[in-house]
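Everything below concerns the one structure shown next.
Naming convention: chains lettered A, B, ... in sequence-line order (proteins, then strands); numbering from 1 in each chain.
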Amino acid sequence: MSKATLHIVNNLTRQKEVFTPINDGFVGMYVCGPTVYSDVHLGNCRTFVSFDIMYRYLLYLGYKVRYVRNITDVGHLLDDGEDRMAKGAKAEQLQPMEVAQKYANGFHHMMQIFNTKRPSIEPRATGHIIEQIEMVQQIIDNGFGYEANGSVYFDTLAYAKEHPYGELSGRVIDELKAESRDLKKQGDKKHPSDFAIWMKADDSHIMKWESPWSLGFPGWHLECSAMSTKYLGETFDIHGGGNDLKFPHHENEIAQNKASCGCTPARYWVHTNMLLMNGKKMSKSDGNTITPQQLFSGESEHITKGYSPMVVKFFMLQCHYNSTLDLTDGGLQAAEKGYYKLMDAYRALTQLTSTSESGSDDEKLNGMLDTVVTEMSDDFNTPKALAKLFELVTEVNKYKENISDIRNVGSDTLDKMKKIFFDFLFDIFGLTEPGQEGNSDKLDGLMSLVIDLRAQARDQKDWPTSDLIRDQLAELNIVIKDGKDGTNWTVKNS
RNA sequence: GGUCGCGUGGCCGAGUGGCUAGGCAGAGGUCUGCAAAACCUCGUACGGCGGUUCGAGUCCGUCCGCGACCUCCA
């Protein structure tokens, strides 16, 4: 099967480019993972779902992909300079590593709920202190870092003489200087735009390591530079993360890599956009927030009911990863219906059979099927791919209802249609069928018995009995639909 | 204030120079014991103003509104 050429919007060049991996057939992808100091944020879920779909699509295209997603368990400072991990530990009276484990577990559980694939490698910052110290030393040796009072800073001015600093985020060093007027706050730094790559720990710090400069800990940006180099090489294909990480995190990551080895770490920089709620940033302080659990259970003032993880995922898929997505109750309700419509059509499609070698509808259907792939290859455009699938849903339903004649579809075309639907819904989008876990053989047998009994009642025009069965089943989230060719049933998730 | 981005029909959300996005909701119809589902038909939208162009939602300018980021161990 010929796959369309993959195009990716590269934030480094701000252009849509043809994706060409460094090594033919192989892709190295690094995505900045979560800092595990509290429960995973719904916005994080969107980011990692988006990259999971890119990962899955690259696999679908036949690439051998090494997908590295780190876990940050040290070095990510808060505004007040306190380590996020240390703060979490203090608040819960736990060891920092206990905090990291607790929330890493929670994060993994949530990723499982959203049915994302595990990365190939999931390195932790604390497990790569040696690599980070080595990188700091290299940066110093190359003349791009300096020590002051036990801490080491990245010398952005020295760096800017040889490399452009700010190429990813569009920032200019002079402007950064102008912004930071309070020189008292600059401490040991030579220039306001310099940033710490090793920090000396004070006595109260729990997480600290020996280094040539001090007992301390690495700067936040350093871990990704060190770990991506270790597992993907000095230059790899794709680097991803939320677009809030563009500056300073990714900008500094690029600077560190260039300063240590002289090369740009990744060729394609991809950023996911933010998830809003009711048009505004999710924020705990003003109450405009919802946890994934609340979203699933419906226990929140922002929604009228609970939505299953797959409905939430489908909702995310209807929006391109590069656009802000506004989470609203109305939007979720629409997504829920769309998701069931798509899944119902998929099930109907699997029931269709054709004995024709070829048919008059083949050309049209093949064209639509190819477009699904083309759209997805255009910067992972899930909403456009979904739109095409929905056009095919209409065609499938016409065959199901005998409005169109299935004999006009060749068996090869029908097989291709089944394959594209299966590949996109399950392999690429990573959706699961609603109520799948409950559909055992016994339930199937039981339901066909119930439906037979109800059919007898209907034959005798015993509508009260017929409706009673339907209503009682509805209470159990089993929905009955009387079609021309008999009665179908589906289990709804929520 | 600076950097980046956004503003599309009732709602969500694609599209980036001429071609139907799609989903949900709504109206009418087919089918039907009723309901649901499914199918058909229907909305002709692109923040305001100005400009470029044969032609702009799509490019440029400007204004308005919205969002993200603007780190440093104080």
Measure from the side-chain heavy atoms of A:Phe247 and tell me the nearest of B:rG23, B:rC69, B:rC73.
B:rC69
Nearest 0.5 Å, please: how far is OH in A:Tyr268 from CG in A:Leu12?
11.0 Å
Which nucleotide in B:rG33, B:rC40, B:rA38 has an atom nearest any side-chain atom of A:Lys341:
B:rA38
Under a 3.5 Å threshold, yes or no: a donor from one side chain and an acceptor from the other, between A:Ser300 and A:His302?
no
Above 12 or not: heavy atoms from other molecules or residues under 6.0 Å from CD of A:Glu167?
yes
Measure from the side-chain heavy atoms of A:Lys281 and tell me the nearest of B:rC69, B:rA21, B:rG13.
B:rC69
Ignoring hydrogens and geometry beyond distance, is the side chain of A:Asp462 in donor-acceptor contact with the base of B:rG33 at under 3.5 Å?
no
Distance-only donor-acceptor test (3.5 Å): side chain A:Arg470, base B:rA36:
no
Roughly, in whole Å, what's the span from OH in A:Tyr339 to P in B:rG23?
18 Å
Can we call the ring centroids of A:Phe424 and A:Tyr346 under 6.0 Å apart?
no
Using the benzene-type ring in the case of Trp, are the ring centres of A:His271 and A:His250 under 6.0 Å apart?
yes
Look at the side chain of A:Ser466 and the backbone N and O of A:Asp462, then say whether any donor-acceptor pair between them is shorter than 3.5 Å.
no
Using a distance-only criterion (donor-acceptor N/O pair, under 3.5 Å, no hydrogens), is the base of B:rG33 paired with the side chain of A:Ser466?
yes
Whole angstrom value for the distance that separates C1' of B:rG13 from OH of A:Tyr321
17 Å
Sorted by position of nearest nucleotide on RNA chain B, 5' first, the leading residue of A:Asp244 and A:Asn397 is A:Asn397
A:Phe390 side chain, from C-beta outward: closest of B:rC34, B:rG23, B:rG33
B:rG23
Would you mind reading off the distance between A:Tyr399 atom OH and B:rA38 atom P, rounded to a whole angstrom?
18 Å
Quick one: do A:Arg470 and A:Asp467 make a salt bridge, cutoff under 4.0 Å?
yes
Should stems be defined as at least three consecutive Watson-Crick or G-U pairs with both distances under 3.5 angstrom, which of them involve RNA chain B?
B:1-7 with B:64-70, B:10-12 with B:22-24, B:26-30 with B:38-42, B:47-51 with B:59-63
Whole angstrom value for the distance that separates P of B:rG7 from CG of A:Leu276
13 Å
From CD of A:Glu401 across to P of B:rA36 the rounded distance in Å is 15 Å
Atom pair distance, as rounded to whole Å: CZ in A:Arg458 and P in B:rA35
13 Å
Assign each of A:Met282 and A:Lys461 the nucleotide of RNA chain B bearing its closest heavy atom; nearer the 5' end lies the nucleotide of A:Lys461
